[in-house]
Amino acid sequence: MSSPPPRPNRPVYLDNQATTRCDPRVVATMLPWFTEHYGNPHSVEHVMGTEAEAAVEDARTQVAALVGADPKELVFTSGATESNNIAIKGAARFAGNERRRIVTVATEHKCVLESVADLAAEGFEPVFLPVRPDGLLDPDVLRAALDVPTLLVTVMTVNNEIGVVQDIAALAAISKQAGALFHTDIAQAVGKVPIDLSAWKVDLASVSGHKFYGPKGVGALYVRRRPRVRLTPLFSGGGQERGLRSGTLPSPLIIGLGEACRLAQAEMAEEAQRLASLRDRLLDHLRAAIPDIVVNGSTEARIPGNLNLTFPVATAADLMARVPDLCVSTGSACSSATIEPSYVLRALGLSDDDASRTLRIGIGRFTSPADIDYAAAALTAAHAGAPAPGIEQFAQA
Ligand SMILES: *Cc1c(COP(=O)(O)O)cnc(C)c1O
């Protein structure tokens with residue numbers, strides 16, 4: 001690019017797989033439920049309680065509509081971490097002794113991997129399946145793991161680092177055939193790809209509000225009713241949410257989650273096309289300047305808003321240091337002083353060296369073409385060892 005691109009709002013946020021901006025329309029919908037209509041949705045003996053309860057139930061219907069569920073199949077939680085814990089530990093503890101095997105995939109979110117691993121201490125047998133180099137689970141690898149009677153299979157719909165989309169209906173069918181329950185973490189899928197939990201025939205699914213422009217600290221767990229899936233709850237208490245999740249429902253957050261679902265349903269199809277064109281624009285610009293860049297994960301089965309890129313020369317840490325006003329992710333978890341290479345990239349077969357030169361870029365609802373052009377120019381300059389265009393002005397601003 002010859003002339004520098006127009007200066008976007010700084011910083012430029014391209015980390016929409018970590019979290020998203022809460023949509024201002026969602027915030028506006030929530031606000032009165034903090035200050036005006038603040039009744040406890042469980043206080044159904046007075047009008048302040050019943051109006052909150054009615055709004056919570058409307059939100060439940062909005063979530064259900066987006067994911068292909070009956071509203072009665074949804075339990076509100078604090079987010080996908082909690083939903084994954086309740087689903088995996090709750091199903092294992094309720095089922096007890098007959099089937100001990102729990103099958104998951106090496107590229108799952110930490111909260112799934114750790115929930116499955118924790119169950120080893122209770123006598124269950126965790127199995128972590130590998131993925132193909134494109135990040136997808138081979139159905140034959142799952143079939144083989146189900147040779148041993150299996151209690152639960154858990155496979156995420158969309159991966160949070162590489163954005164690949166698994167064929168959940170097919171994997172759930174294989175699991176059911178073997179008599180196993182099937183759970184899927186849909187935190188990165190909601191609002192990005194069409195979801196139909198009842199058609200996919202999954203038993204359990206986990207939702208997070210802040211991954212699709214809703215508030216942080218709220219989510220949902222889908223629990224199939226026909227046939228009914230039984231869980232042992234994690235919390236003791238007042239027995240809210242059909243006994244599965246005790247605790248006062250955070251009505252403002254739940255109402256925000258419902259509005260986020262309504263907006264996603266109305267705008268998802270058009271939004272997907274816009275995100276795909278921004279993604280292609282970024283990749284085209286980068287490839288023109290850095291031909292040896294590699295896209296990790298399947299290029300066909302992936303959400304439009306994610307790029308996971310291995311650069312040929314510069315490390316991700318150096319790129320980010322040279323462009324401090326660009327919010328992207330290394331996909332690496334920092335532990336003490338060392339940077340651990342991403343276990344997801346390792347599972348794809350990347351060397352530690354390749355992983356160290358890899359960035360995750362998440363394009364979202366509030367990303368503009370100017371943001372993309374800035375990111376392309378800044379990363380190109382940074383890869384050549386130069387600071388980003390306009391960085392001095394920014395530092396002084
Ligand atoms: C963000 C995320 C989670 C955790 O969700 P919280 O609501 O932040 O607890 C779990 N799984 C995946 C795939 C995620 O992207």
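Indexing begins at 1, ligand by ligand and atom by atom, following the structure's order.
Evaluated by nearest non-hydrogen atom to atom 10 (C) of ligand 1, the leading choice among N160, T77, V158, D185 is D185.
Checked against L309 for a side chain to side chain contact (heavy atoms under 4.5 Å, CB included), the options L379, I361, N296, L319 give a single hit: I361. The side chain to side chain contact (heavy atoms under 4.5 Å, CB included) test with E108 is passed by exactly one of N160, N84, V155: V155.
The aromatic rings of F311 and H383 lie tilted to each other, with the angle between the two planes from 30° to 60°.
By the criterion of a heavy-atom distance under 4.0 Å, neither the backbone nor the side chain of K216 is placed next to ligand 1.
Of all protein heavy atoms, the one closest to atom 7 (O) of ligand 1 is S208 OG, 2.7 Å. At the top of the distance list for atom 5 (O) of ligand 1, counting protein heavy atoms only, stands A80 CB, 3.3 Å. Taking atom 14 (C) of ligand 1 as the reference point, the nearest protein heavy-atom neighbour is K211 NZ, 2.9 Å. Remark: minimum distance from atom 9 (O) of ligand 1 to any protein heavy atom is reached at T81 OG1, 2.6 Å.
Residue M156 approaches ligand 1 through these ligand atoms, each under 4.0 Å from one of its heavy atoms: 13 (C). Of all the atoms in ligand 1, the ones that sit under 4.0 Å from a non-hydrogen atom of H210 are 6 (P), 7 (O), 8 (O). Near G79, meaning under 4.0 Å from one of its heavy atoms, ligand 1 places the atoms 7 (O).
For R230, there are no salt bridge (Lys or Arg N to Asp or Glu O under 4.0 Å) partners, not counting sequence neighbours. Looking at residues two or more places apart in sequence or on another chain, you find no salt bridge (Lys or Arg N to Asp or Glu O under 4.0 Å) involving E51.
For the residue pair S329 / Q17, no side-chain donor-acceptor distance below 3.5 Å is found, with atom types taken as modelled.
To the nearest 0.5 Å, the span separating CE on M30 from CG on D23 amounts to 10.0 Å.
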